[in-house]
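Heads up: numbering here begins at 1 and tracks the sequence. Any value given below was found using the heavy atoms of this structure, including those in side chains, with hydrogens, waters and symmetry copies removed. In each ligand, atom 1 is the first atom listed, and ligand 1 is the first ligand listed.
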Amino acid sequence: MSEVDPYDEVMRLRDLLRSWGVEYYRNDAPTVSDSEYDRTLLALRELEQKFPHLVSADSPTQRVGAAPLEGFETVVHRLPMLSLDNAFNADDLLDFDRRVRERLDGAQVRYACEPKLDGIAVSIVWQEGELTLAATRGDGRTGENITQNVRTIDSVPLRLSGENIPRYLEARGEIFMPRAGFEAFNARARRDGGKPFVNPRNAAAGSLRQLDSSITRRRPLSFCAYGLGYVEGMSGALLSHTEAMAQLNQWGLPISEHSRSVPGIDGCERYYEDLSQVREGLGFDIDGIVFKVDTFAEQERLGFVSRAPRWAIARKFPAQEEMTVVLGVEFQVGRTGAVTPVARLDPVFVGGVTVSNATLHNADEIARLGIKVGDTVIVRRAGDVIPQVAGVVVDRRLPQAEDVAFPDSCPACDSVLVREPGEAVWRCDAGSACPAQRRAAIEHFVSRRAMDIDGCGEKIIDQLVDLDLIKTASDLYELSQDTLAGLERMGTKSAKNLQAAIEDSKNTTLSRFIYALGIREVGETTARQLAEYFGALAPLFTATDEQLQEVEDVGPIVAGHLQRFFADPGRQEMINSLISHGVYWPAPEVQIGDLPLSGQTWVVTGKLEQMSRDQAEERLRVFGAKVSSSVSGKTSCVVAGPGAGSKLKKAHSLEVSVIDEAEFIIQMEGWQE
Ligand code: D41
């Protein structure tokens with residue numbers, strides 16, 4: 001391959017970045033993922049460093065941000081809004097600390113750590129305590145006047161409270177849309193035929209860009225301050241970032257409840273690990289952690305280079321969004337017959353894992369996305385959630401892209417597909433006659449929270465079903481060790497272990513058994529409630545609609561599913577067969593009313609040492625407690641182990657009683673009597 005001329009390459013990268021920038025900032029419709037944008041910008045910056053004569057004032061590297069829009073006035077920031085350097089790994093962070101200590105002559109430095117909110121950076125000014133101006137960051141030097149829109153955000157005080165209010169206060173911070181609000185907004189937009197946003201940040205940007213602030217007011221935006229701008233006429237001095245944030249908070253500005261001041265870079269690394277753990281539970285998107293040298297005196301000694309302070313750095317999390325290409329769409333049949341389209345993707349590394357499939361949910365979602373095979377799409381993966389296709393990059397569509405054809409009949413058994421009124425899902429109506437439904441039902445049956453048969457993964461079940469060794473879950477209990485040992489990737493030892501696991505699973509509980517049956521819309525909670533209410537399996541076969549609906553969480557729809565399930569002769573036969581193979585559960589011993597924790601709601605959080613969280617929760621239920629995953633005013637007690645985070649904080653703030661594992665074990669002994 002011939003060498004690329006650096007001049008041509010610089011021009012090409014600039015053109016790319018500029019066109020992406022316009023799409024992004026003007027139309028709130030990104031045509032690239034953030035990470036690709038960042039990578040391209042980095043490539044350009046590196047080239048310009050290598051060939052300084054190619055740097056020009058209009059290069060995207062010279063201003064990180066957007067041109068002001070027509071419609072908003074331009075605001076010149078009294079102090080430039082700096083940008084943040086990025087660290088993409090632990091080494092980058094160590095280098096940052098080394099540079100800081102070199103300039104400060106050696107000693108360990110205190111760092112202020114805070115989550116990096118994924119929103120829109122703004123500057124807000126209060127004069128004599130009254131909010132007078134709010135502006136976007138723009139290119140750092142000038143931004144857009146969005147005062148009217150910012151005034152509609154509840155968490156931004158229109159008037160400062162407290163003492164020693166300065167004549168002129170500029171605070172900088174981030175405006176963002178919490179996830180719950182984002183999901184609710186998108187759900188409404190989808191229902192009303194509107195256009196949903198790709199992610200919370202685009203939603204925040206789009207909401208702030210409204211020329212009519214009554215629209216902004218209806219958007220669930222929040223504000224969080226992260227620094228000071230120009231300040232004048234203040235009595236007393238603030239000596240550090242930590243002090244400044246506390247002062248802003250006293251004047252009524254929201255600050256991050258997760259911020260902390262730590263000693264040295266080791267403290268920063270620990271903070272990064274800790275926050276990575278709780279990231280999913282935060283309720284809003286963050287894309288990294290910001291570390292700042294805490295004292296202002298040290299910040300001043302460090303100063304800044306062109307556009308970024310030497311005293312701060314953003315340690316980025318692995319990207320949660322990436323672009324890739326749809327190679328095809330397959331249709332999977334689940335245990336309830338639901339046909340789910342799944343996009344096969346050119347594998348991409350996103351949010352820390354390689355993703356090669358993403359669910360497309362149903363036919364409506366395919367229509368909403370307007371997705372075609374061959375399209376470039378943005379794949380989003382948040383935490384442990386299954387990867388989603390957030391949007392199609394229509395600009396990159398090739399002429400040969402093909403429409404997705406939803407099948408007319410079941411891809412596994414060719415039976416008709418039916419769609420119930422008001423439902424988005426097409427289902428195969430063959431029930432247990434469909435091999436795909438049977439296979440999925442068996443997978444569910446053996447899963448950890450159902451019968452918990454260890455070592456019986458998808459690959460094994462596929463072989464057993466394909467070789468016609470099992471038709472239903474009850475056939476599992478007839479498999480010989482020899483048969484199992486004959487499967488691919490199965491030695492005598494693992495065959496022995498698997499058979500032992502199958503044998504062990506016979507001793508179960510009624511609620512696990514009901515859950516394992518895989519009845520439509522009967523999850524773990526409903527299964528447990530059914531087990532508690534009926535106390536045995538037999539009454540479920542004959543229960544009337546009214547009786548079923550007596551159970552909490554069971555309405556007419558679930559009652560209908562239950563009745564159809566237990567009336568199906570094939571299912572009856574399978575249940576009888578399971579029981580004749582020796583599946584059993586202990587009869588309930590105590591009436592629900594007189595259990596020691598009846599009527600109480602408990603929460604378990606953090607890591608326990610003597611038992612798993614699941615085990616603790618199961619025991620609490622045995623003693624009659626309801627177990628919840630979130631703390632509220634109604635919580636009776638929280639069991640907290642090491643590493644407990646926001647739930648523990650919330651419990652303290654609501655004055656809910658908190659006990660540790662040791663105390664929990666002692667209390668349990670009392671309940672057992
Ligand atoms: O949460 C954030 N997104 C955040 C952004 C933060 N917590 N701190 C920040 N600190 C700065 C400096 C150190 C330059 C005052 C920032 C940003 N800057 C920032 N946001 C957008 C560009 C720069």
J.: For atom 23 (C) of ligand 1, what's the nearest protein heavy atom and its distance?
T.: L82 O, 3.3 Å
J.: In this structure, does ligand 1 have an atom that sits under 4.0 Å from one of the heavy atoms of P115?
T.: yes
J.: May I ask you to identify the nearest protein heavy atom to atom 10 (N) of ligand 1, giving residue, atom name and distance to one decimal place in Å?
T.: K292 NZ, 3.1 Å
J.: Does the ring centre of F185 sit less than 6.0 Å away from the ring centre of F197?
T.: yes
J.: Tell me, please, whether Y168 has R78 positioned over its six-membered ring: NZ or CZ under 6.0 Å from the ring centre and within 45 degrees of its axis?
T.: yes
J.: Just need the protein heavy atom nearest to atom 21 (C) of ligand 1, so name the residue and atom and give the distance.
T.: A121 CB, 3.7 Å
J.: Give the residue, atom name and distance (to 0.1 Å) of the protein heavy atom nearest atom 1 (O) of ligand 1.
T.: L117 N, 2.9 Å
J.: Tell me the contacting part of M81 for ligand 1: side chain, backbone, both, or neither, using a 4.0 Å heavy-atom threshold, strictly below.
T.: neither
J.: What is the nearest protein non-hydrogen atom to atom 7 (N) of ligand 1, stated with its residue, atom name and distance?
T.: E114 OE2, 2.9 Å
J.: May I ask you to establish whether R179 and F284 are in a cation-pi arrangement, using a distance under 6.0 Å from NZ or CZ to the six-membered ring centre and at most 45° from the ring axis?
T.: no
J.: Consider every N or O of E174 and every N or O of ligand 1, then say whether any pair is closer than 3.5 Å.
T.: yes
J.: Please name the residue in the list R110, E114, Q299 that meets the side chain to side chain donor-acceptor pair (under 3.5 Å) test with H241.
T.: E114
J.: Which residue holds the protein heavy atom closest to atom 4 (C) of ligand 1, what is that atom called, and what is the gap in Å?
T.: Y226 CD2, 3.4 Å
J.: With atoms numbered from 1 as shown, which atoms in ligand 1 lie under 4.0 angstrom from a non-hydrogen atom of A312?
T.: 13 (C)
J.: Ion pair present between E48 and R14, side-chain N to carboxylate O less than 4.0 angstrom?
T.: yes
J.: Which of the atoms in ligand 1, numbered in the order shown and given with their element, are less than 4.0 Å from a heavy-atom of R137?
T.: 22 (C)
J.: Please name all residues satisfying side chain to side chain contact (heavy atoms under 4.5 Å, CB included) with I371, sequence neighbours left out, ordered by chain then number.
T.: V326, L360, I366, L369, D375, V377, V389, V392, V404
J.: Establish, yes or no, whether the cationic atom of R315 lies under 6.0 Å from the six-membered ring centre of Y272 and within 45° of the ring axis.
T.: yes
J.: Any idea which atoms of ligand 1 are less than 4.0 Å away from a heavy-atom of W311?
T.: 13 (C)
J.: Do the rings of F291 and Y271 sit parallel, tilted or perpendicular, given the 30° and 60° boundaries?
T.: perpendicular
